[in-house]
Structure formats: C-alpha cells, structure tokens
Chemist: 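Sharing a structure below in structure tokens format, with a few things to ask.
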Amino acid sequence: MHTLVIDTSFGSTVGVVGYEPVIEHDSRTHVERLRDDIAAACARAGIAPHELGRIVTGIGPAPFTGLRAGIVTAKAIAYATGAQLLGQDDLTPNVALMHAVHRHDARFAQWFDYGDVSVMNADTNTVNFTLSVNDARRKQLYFALYADLDPQGDDPTTIIDMDIDAPVHIAERVRQCVDDHLERHPGINAVVDVIGHGACTYASAWDAIGHVETVSDTAALDTGVHGLALFAHIAERQCEADGNAEDGDGNVEPLYLRRPDVSVPNPLKHVLNHDPVRERDNGKAVS
C-alpha cells in the first residue's frame with residue numbers, strides 16, 4: 001500500500017512513505033506550491049495519485065490558515081481516490097524521534113551529535129522527558145510534555161497535554177512536573193529534551209527547567225525518508241489503537257488550541273434617551 005503524508009503545520013512536508021519528501025520551509029508560499037509538491041512526491045515514488053491507498057495528514061497543533069490547507073487537500077485526495085484518511089498530531093512523532101536518538105539510532109545520526117546525547121536503556125536510572133514544541137507565532141509555542149517511563153517500550157506517557165503558552169510559562173510548568181517526579185522517585189535522574197520548531201528561538205527560556213540536554217529545531221518530518229516513515233507509522237498505530245478497521249478513517253480534526261480572536265460585540269449604544277434594541281416582535285424592533 002502506498003501512503004502519502006501531507007503536513008502543513010510548519011511550512012509543508014509532502015511525501016510517499018519510502019521516498020524522500022518534498023519540504024517547503026517558506027510558510028508564505030508553501031500552500032500555493034502544495035499541488036505541485038504532491039505531484040512531485042508521487043513522481044518520485046513512480047506512482048499516480050489513484051494508486052494511493054492511505055493519506056496521512058498532520059492535524060497540528062498549528063496556526064489556522066496553513067494547517068487547514070493541508071487537511072482540506074488530504075480530504076479531497078482521499079475522497080477522489082477512495083484512500084484511507086488518517087490524522088496525526090505533530091508533537092507525538094517528535095517524542096518517538098528522541099526515543100530513537102537516545103538509542104543512537106543510525107537513521108537519525110546526521111541530525112544529532114550523538115557525542116552529546118546520553119544513551120537510555122533498561123539499566124539506566126534516568127527518565128527522559130521530551131518537551132515537544134511547534135511555533136505558534138505571537139511569541140508563543142504549542143507544546144506537550146512526555147516522559148519515557150518504559151525504556152524497553154516506545155509508548156510515551158503524557159505529562160502535560162497539548163497546550164499553547166509563552167516559553168517562560170512553559171518552562172515553569174515543565175520544571176514543576178519534573179521536580180515533582182524526582183521528589184516522588186528518589187534516586188532517579190532526569191534528562192529533558194526540547195525539540196521542534198521554535199525550540200532554539202527560545203533557548204534561553206529552557207535554562208529555568210534544569211536537566212536540559214538537547215535543544216533542537218529538528219522535528220520528525222525534517223529527517224527525510226525515515227522521519228516520514230516514523231510519522232506515518234505512529235498514525236497507523238494510533239488508528240489501530242482506536243479500534244478502527246484497516247480501511248477505516250482516523251481523526252482528522254485540526255488542533256488549533258488558540259482561542260478565536262473574535263468576541264461577542266457590546267450592545268448598540270442608545271441615543272436620544274432610548275433603551276438599546278434587544279429583540280424583535282413580529283419583525284419590529286422593541287426596546
């Protein structure tokens with residue numbers, strides 16, 4: 001089965017699993033180039049769009065405009081081709097990436113200096129926390145905190161669910177969670193990695209966390225063919241965990257997280273000593 005991944009949560013990444021993706025870093029033009037990038041990705045795989053069996057689309061968290069373009073495109077292709085449609089958040093794959101990095105996985109060696117990355121295994125008395133982030137603009141980050149509590153497994157434990165906040169506030173919340181864990185488990189050490197788009201931009205904020213080892217702007221989908229496969233694998237596994245059939249669609253609802261900027265307007269200002277208009281009676285305004 002051929003699987004196409006489309007993600008527009010930060011720039012865009014489009015690719016068929018098993019082949020190098022087409023990556024656009026310019027968030028001002030990535031939406032306009034999406035159709036051409038999908039055609040290029042299919043050409044790299046030597047297939048036509050109607051041969052796709054599964055579409056995996058990133059669902060954020062990310063800003064509204066770019067994110068919805070990718071999701072709508074994925075829905076349209078799935079509808080036209082009959083392909084299975086799956087959604088995948090953009091924060092969880094970063095945790096899987098760091099799980100592999102802490103085992104010095106050769107697939108990701110070119111993106112990380114393994115000389116500066118500690119090795120995690122069953123004999124290590126250290127818990128690896130991953131603060132996964134994505135740029136939310138307005139000096140904020142989307143984020144979630146995960147802990148690798150089972151070195152033998154690959155299912156992270158969510159410590160702080162997906163949210164949006166200023167980096168300094170994120171650091172405070174993460175530090176409190178890590179400190180609480182260490183207090184409950186004497187003799188255990190902690191390593192905190194901050195990974196994702198925007199991590200390095202606010203690197204100074206992470207000093208407040210303590211225990212920080214790796215700070216990287218590299219997200220899972222930035223790591224080429226292997227990151228693409230990792231992203232799709234997590235989506236497929238989540239679909240199975242949710243009990244969907246092999247050909248059943250997964251959740252593709254976008255994760256915006258930020259509250260809308262619009263608000264309910266104030267009542268109309270009354271003049272000439274009239275009360276403000278409140279309702280209509282038989283089509284006529286009454287006060």
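Being a predicted model, the structure only gives us computed values, none of them experimental. Position 1 is the first residue of the sequence; numbering continues from there.
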Chemist: Do any pairs count as a side-chain hydrogen bond (donor to acceptor under 3.5 Å, both in side chains) and have a residue in residues 176-191, sequence neighbours left out, and if so which ones?
Modeler: Q176-D180
Chemist: To the nearest 0.5 Å, what is the distance between OG1 on T57 and CG on L86?
Modeler: 10.0 Å
Chemist: Could you list the residues that satisfy side chain to side chain contact (heavy atoms under 4.5 Å, CB included) with K75, not counting sequence neighbours?
Modeler: I71, L85, V252
Chemist: Is any side-chain heavy atom of V168 less than 4.5 Å from a side-chain heavy atom of Y202?
Modeler: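 Answer no - side chains too far apart.
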Chemist: Could you tell me the separation between the CG atom of L257 and the CG atom of D165, rounded to the nearest 0.5 Å?
Modeler: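 If I round to the nearest 0.5 Å, the distance is 11.5 Å.
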Chemist: With ILVMFWY side chains joined below 4.5 Å, transitively, what does Y79's cluster contain besides itself?
Modeler: none
Chemist: Show the nearest heavy-atom pair for residues Q84 and C239, with the distance to one decimal.
Modeler: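 Shortest heavy-atom contact: NE2-SG, 3.9 Å.
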Chemist: Taking the side chain as every heavy atom from C-beta outward, state whether P93 and Q88 have any atom pair closer than 4.5 Å.
Modeler: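 Contact flag for P93/Q88 side chains = yes.
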Chemist: Keeping the roles fixed (side chain from R258, backbone from A136), state whether a donor-acceptor pair exists under 3.5 Å.
Modeler: yes
Chemist: Which residues satisfy the side chain to side chain donor-acceptor pair (under 3.5 Å) test with T218, sequence neighbours excluded?
Modeler: S216
Chemist: Taking only Lys NZ, Arg NE, NH1 and NH2, and the carboxylate oxygens of Asp or Glu, determine whether R107 and D105 approach each other closer than 4.0 Å.
Modeler: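 Salt bridge between R107 and D105, a charged N being under 4.0 Å from a carboxylate O: yes.
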Chemist: Please report the shortest heavy-atom distance between A109 and Y114, naming the atom on each side.
Modeler: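 Closest approach of A109 to Y114, heavy atoms only: N-OH, 3.7 Å.
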Chemist: Identify whether V192 and V127 are in the same connected component of the hydrophobic contact network (ILVMFWY, side-chain heavy atoms under 4.5 Å).
Modeler: yes
Chemist: Would you call H211 and T126 a side-chain contact if the rule is heavy atoms closer than 4.5 Å?
Modeler: no
Chemist: Mind checking the OG1-CD1 spacing from T8 to I59? Nearest 0.5 Å is all I need.
Modeler: 11.5 Å
Chemist: Between the main-chain N or O of A83 and the side-chain N or O of T81, is there a donor-acceptor pair closer than 3.5 Å?
Modeler: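 Answer holds: yes.
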Chemist: Quick one: salt bridge (Lys or Arg N to Asp or Glu O under 4.0 Å) partners of D163, sequence neighbours excluded?
Modeler: R173
Chemist: Keeping R103 on the side-chain end and N121 on the backbone end, is there a donor-acceptor pair under 3.5 Å?
Modeler: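 No: the side chain of R103 does not pair with the backbone of N121.
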Chemist: Which atom pair, heavy atoms only, marks the closest approach of A235 to G87?
Modeler: CB-O, 4.3 Å
Chemist: Which value, rounded to the nearest 0.5 Å, describes the distance between L4 atom CG and I55 atom CD1?
Modeler: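 Rounded to the nearest 0.5 Å, the CG-CD1 separation comes to 4.5 Å.
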Chemist: Any donor and acceptor pair, going by atom type alone, linking the side chain of E51 with main-chain N or O of A48 inside 3.5 Å?
Modeler: yes
Chemist: In terms of hydrophobic clustering (I, L, V, M, F, W, Y; side-chain heavy atoms under 4.5 Å; direct or indirect links), are Y142 and M98 co-clustered?
Modeler: no
Chemist: Are V95 and F108 linked, directly or through intermediate hydrophobic residues, by side-chain heavy-atom contacts shorter than 4.5 Å (ILVMFWY only)?
Modeler: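 Unlinked, F108 and V95 end up in two clusters.
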Chemist: Which residues pass the side chain to side chain donor-acceptor pair (under 3.5 Å) test with D222, not counting sequence neighbours?
Modeler: H197
Chemist: Sub-3.5 Å donor-acceptor pair from the side chain of T223 to the main-chain atoms of A220, do we have one?
Modeler: yes
Chemist: Just by distance, with hydrogens left out, do H102 and D193 show a side-chain donor and acceptor under 3.5 Å apart?
Modeler: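 Yes, a side-chain donor-acceptor pair sits under 3.5 Å.
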Chemist: Using only atom types and a distance under 3.5 Å, with no angle test, would you say the side chain of D7 pairs donor to acceptor with the backbone of S12?
Modeler: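 Checking the backbone N and O of S12 against the side chain of D7, no donor-acceptor pair under 3.5 Å is found.
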Chemist: Any side-chain heavy atom of V117 sitting closer than 4.5 Å to one from D113?
Modeler: no
Chemist: Where the side chain of D89 meets the backbone of L255, is there a donor-acceptor pair that is under 3.5 Å apart?
Modeler: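 No: the side chain of D89 does not pair with the backbone of L255.
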Chemist: How close do E236 and T3 get, heavy atom to heavy atom, and via which atoms?
Modeler: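 Heavy-atom minimum between the residues: OE2-OG1, 4.0 Å.
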Chemist: Evaluate the side chain to side chain contact (heavy atoms under 4.5 Å, CB included) criterion for residues F112 and I195: first the C-alpha distance (whole Å), next the side-chain angles of each, then the deciding distance (0.1 Å), finally the verdict.
Modeler: CA-CA 11 Å; F112 297 88; I195 181 173; 4.0 Å; yes
Chemist: Evaluate the side-chain proximity of L67 to Y256: yes if any heavy-atom separation is below 4.5 Å, no if none is.
Modeler: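 Of all side-chain heavy-atom pairs linking L67 with Y256, at least one is under 4.5 Å.
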Chemist: For T201 and D217, which heavy atoms make the closest approach, and how far apart are they?
Modeler: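 Residues T201 and D217, closest heavy atoms: N-OD1, 4.4 Å.
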Chemist: Does V215 share a hydrophobic cluster with V174, counting links as ILVMFWY side-chain heavy atoms below 4.5 Å and allowing steps through other members?
Modeler: yes
Chemist: Rounded to the nearest 0.5 Å, what separation is found between the CG atom of D207 and the CZ atom of R175?
Modeler: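 Going from the CG atom of D207 to the CZ atom of R175 covers 12.0 Å.
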Chemist: Taking the side chain as C-beta and beyond, is there a heavy-atom pair between I164 and P61 under 4.5 Å?
Modeler: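 With C-beta onward as the side chain, the pair stays apart.
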Chemist: Scan side-chain atoms only and decide if E213 and S118 contain a donor-acceptor pair under the 3.5 Å cut-off.
Modeler: yes
Chemist: Start with the C-alpha distance between I170 and W206, add both sets of side-chain angles, then the distance that settles side chain to side chain contact (heavy atoms under 4.5 Å, CB included), and finish with yes or no.
Modeler: CA-CA 9 Å; I170 295 172; W206 315 134; 4.1 Å; yes
Chemist: Quick one, D148 and F129 - any side-chain contact, counting heavy atoms below 4.5 Å?
Modeler: no
Chemist: Do D161 and T158 have a side chain donor and acceptor closer than 3.5 Å?
Modeler: no
Chemist: Which value, rounded to the nearest 0.5 Å, describes the distance between I159 atom CD1 and L131 atom CG?
Modeler: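 So the CD1 of I159 and the CG of L131 are separated by 12.0 Å.
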Chemist: At their closest point, which heavy atom of L228 faces which heavy atom of T13, and how far apart are they?
Modeler: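 For L228 and T13, the tightest heavy-atom pair comes out as CD1-CG2, 4.2 Å.
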Chemist: If we check side-chain contact (heavy atoms from CB on, under 4.5 Å) with P167, which of these qualifies: L141, V194, V133?
Modeler: L141
Chemist: Do T130 and L97 have side-chain heavy atoms sitting under 4.5 Å apart?
Modeler: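 Heavy-atom side-chain distance check fails, nothing below 4.5 Å.
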Chemist: Quick one: does any side-chain atom of R44 pair with a main-chain N or O of P21 as donor and acceptor, under 3.5 Å?
Modeler: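 At least one qualifying donor-acceptor pair exists.
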Chemist: Say whether V72 and V56 are linked into one hydrophobic cluster, either directly or through other cluster members, by side-chain heavy-atom distances under 4.5 angstrom.
Modeler: no
Chemist: Taking the side chain from S132 and the backbone from L91, do they hold a donor-acceptor pair closer than 3.5 Å?
Modeler: yes
Chemist: Would you say the side-chain atoms of H50 pair up with the backbone N or O of A80, donor to acceptor, closer than 3.5 Å?
Modeler: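 Not confirmed, H50 side chain does not pair with A80 backbone.
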